[in-house]
Asker: 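Below is one structure. I have some questions about it.
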Amino acid sequence: MEYLKVIAFTHHHIDLKSLGKLVICDQSLDSRLKNVQAELPVSEIFYVGTCNRVEFVFLTKEKTDKEFVTKFLTVLDMGLPPEFMERFLDNVTVYENEEAFNHLLRTSCSLESLVVGEKEILAQIRKAYESCRDAGFTGDYMRMIMDRVVKTAKEVYTHTNISKNPVSVVSLAYRKLKELNMCGNSRILIIGAGETNQNIAKYLNKHKYSNFSIFNRTFSKAEVLAEELGGKAYPLAALEDFNEGFDVIITCTGSTEAIITEAIYAKLLNGDQGKKVIVDLAIPNDVLPSVIHNNPVHYIEVESLKEVARKNIQERYNELVHAEEIISNNITEFFSVLKQRRIELAMQEVPRKIKEIKNTAINGVFADEISQMDEASREVLERVMNYMEKKYISVPMVMAKEILVNQP
């Protein structure tokens, strides 16, 4: 546990628009993490980017002080202007060792979320970890960490009411939409076919909205969502030529640049002067600020939902206490699991060494004597040696685990 570190930039200390400057797109993530591992003593690492946090979870023996974080951000090569670099350094939260593990568990259970009780964060962390795992950035230690993260979150969601009547960013956005009294045949453009847009689209579809046009960089994903909603699918590149009009835009992509520029918005309007609705749940925002300032728009974004989310935390205080107890118990349990795993790794050469000794005895030291034995005697000897081999492997392993686990 002594090498686990987390560098976190979250909605608690940084406004969401600034936070967007730290978001890493999928296309450049591998190269940026490779830079980190090439330039810094970081053995395992994964990146988490959501609508209200950017975090790096990693293993290093180095102390993660301001000098380390500065070098970390520099090596990431995000192209941050000096004023933003200073702002992030002044508002970063660094967790080390057990505190880092506790933070990771709290985050997965949504206790650190903008909206406490939303389950999306666990799926987001798992997906982030699995992506980095598949790319070779994590190993056995982080696997154990994530196994415990998932176990703890499932226990919290199962044994507390923290997610009862769940309130998520998506459901809050839907409530805002509902307040605008849109009609059922409103023309809805959905930009991005990821989990957030899938969820809000399902809310709308459930409440009898049916006129959907879905745009996505990966066209096949747009097709899947369009089929589910009974809408039309388009590649993202077709957005600027879309001229069928709209009443609502719902956008949430992983782009680090704005998708809706003034030029594209003007083409989408196609001369329409009516007031439109834009739901922008992306971080950084998919819509340029000038589009909002220069056009009649009902604008809904993550930042505007924060006050409603704060009230949600107060309503769930008792469940937070119960969740904290579950987290504490899992941390205690994990220390025993971690000790056992260390024994397993330390003794993983034992079986091979014992097999070598057995083969040397049979084929070398006692080869002549064994060759003079009859077949039945050799079979008995083989069974005895196989039995002894298993015991010589298992007994020391069990004893070592018991000794280590029972140490204070």
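Excluded from the calculations below are hydrogen atoms, water molecules and symmetry mates; all remaining heavy atoms, backbone and side chain alike, are included.
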Asker: As an exercise, state the distance from CZ of F68 to CG of L40, rounded to the nearest 0.5 Å.
Answerer: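 Separation between the atoms: 5.0 Å.
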Asker: Show the nearest heavy-atom pair for residues K221 and A193, with the distance to one decimal.
Answerer: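 Between these two residues, the closest heavy atoms are O-CB, 3.9 Å.
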Asker: Would you call the rings of F215 and Y234 parallel, tilted or perpendicular, taking 30° and 60° as the class edges?
Answerer: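 Rings of F215 and Y234: parallel, under 30°.
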Asker: Can you check whether M182 reaches D247 side chain to side chain, under 4.5 Å on heavy atoms?
Answerer: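 Of all side-chain heavy-atom pairs linking D247 with M182, none is under 4.5 Å.
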Asker: Do V36 and Y47 have side-chain heavy atoms sitting under 4.5 Å apart?
Answerer: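 Of all side-chain heavy-atom pairs linking Y47 with V36, none is under 4.5 Å.
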Asker: Apply side-chain contact (heavy atoms from CB on, under 4.5 Å) to residues F56 and L76 and explain how you reach the verdict.
Answerer: CA-CA 11 Å; F56 299 90; L76 275 175; 3.4 Å; yes
Asker: Step through the shown structure and confirm whether more than 12 heavy atoms of other residues, nucleotides or ligands are within 6.0 Å of NZ on K358.
Answerer: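 Yes, because the 6.0 Å sphere around NZ of K358 holds more than 12 heavy atoms from other groups.
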Asker: Within a radius of less than 6.0 Å around CD of E257, do more than 12 heavy atoms belonging to other residues, nucleotides or ligands occur?
Answerer: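 Check fails, neighbour count at 12 or below.
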Asker: Distance check, rounded to the nearest 0.5 Å: T10 atom OG1 versus L19 atom CG?
Answerer: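 So the gap between those two atoms works out to 7.5 Å.
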Asker: Answer whether the closest heavy-atom distance between the side chains of V337 and R148 falls below 4.5 Å.
Answerer: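 Result yes, sub-4.5 Å side-chain heavy-atom pair found.
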Asker: Would you check if K21 and F88 make a side-chain contact, meaning some heavy-atom pair closer than 4.5 Å?
Answerer: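 The answer is yes, as the side chains (C-beta and beyond) meet within the 4.5 Å cut-off.
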Asker: Determine, step by step, whether N205 and F212 satisfy the side-chain contact (heavy atoms from CB on, under 4.5 Å) criterion, reporting the C-alpha distance in whole Å, the side-chain angles of both residues, the deciding distance to 0.1 Å, and the verdict.
Answerer: CA-CA 9 Å; N205 194 230; F212 297 98; 3.9 Å; yes
Asker: Measure the shortest side-chain to side-chain distance between I125 and V150 over non-hydrogen atoms and say whether it is less than 4.5 angstrom.
Answerer: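 In short, these two side chains do not touch, never coming nearer than 4.5 Å.
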Asker: Could you tell me if the side chain of E301 sits less than 4.5 Å from the side chain of V287, heavy atoms only?
Answerer: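 No. Closest side-chain heavy atoms not under 4.5 Å.
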Asker: Can you list the residues that meet the side-chain contact (heavy atoms from CB on, under 4.5 Å) rule with E356, with sequence neighbours excluded?
Answerer: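 Listed in chain order: R352, K353.
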Asker: Any donor-acceptor pair under 3.5 Å linking the side-chain atoms of K151 with those of N330?
Answerer: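 Per modelled atom types, N330 and K151 side chains form a pair under 3.5 Å.
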Asker: Is any side-chain heavy atom of R217 closer than 4.5 Å to a side-chain heavy atom of I259?
Answerer: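 SC-SC contact between R217 and I259 confirmed.
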Asker: Evaluate the criterion side-chain contact (heavy atoms from CB on, under 4.5 Å) for residue pair V57 and M142; output intermediate values, then yes/no.
Answerer: CA-CA 9 Å; V57 184; M142 207 65 83; 4.1 Å; yes
Asker: Return the minimal non-hydrogen interatomic distance between V279 and A173, and the atom names on each side.
Answerer: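 In terms of heavy atoms, the two residues are closest at CG1-CB, 4.2 Å.
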Asker: Among residues at least two apart in sequence or on other chains, which ones pass salt bridge (charged side-chain N to carboxylate O under 4.0 Å, His left out) with D77?
Answerer: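 If we apply the salt bridge (charged side-chain N to carboxylate O under 4.0 Å, His left out) test to D77, skipping adjacent residues, there are no hits.
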Asker: With a 4.0 Å cut-off on N to O distance, would you call D140 and R143 a salt bridge?
Answerer: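 Result for this pair is yes, salt bridge flagged.
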Asker: Show every ring pair (Phe, Tyr, Trp, His ring centres under 6.0 Å) that has at least one partner inside residues 247-295, sequence neighbours left out.
Answerer: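 Qualifying pairs, neighbours excluded: F246-Y265.
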Asker: Looking at Y129, does the NZ or CZ of R126 lie under 6.0 angstrom from its six-membered ring centre and within 45 degrees of the ring axis?
Answerer: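 Relative to the ring axis of Y129, which defines the angle, R126 lies outside at least one limit.
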Asker: Do M85 and M78 have side chains that approach each other closer than 4.5 Å (heavy atoms only, starting at C-beta)?
Answerer: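 Side chain of M85 against side chain of M78, heavy atoms only: no contact under 4.5 Å found.
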Asker: Begin from the C-alpha positions of R378 and I370 and carry the test side-chain contact (heavy atoms from CB on, under 4.5 Å) through to its verdict.
Answerer: CA-CA 7 Å; R378 283 198 297 270; I370 293 173; 3.8 Å; yes
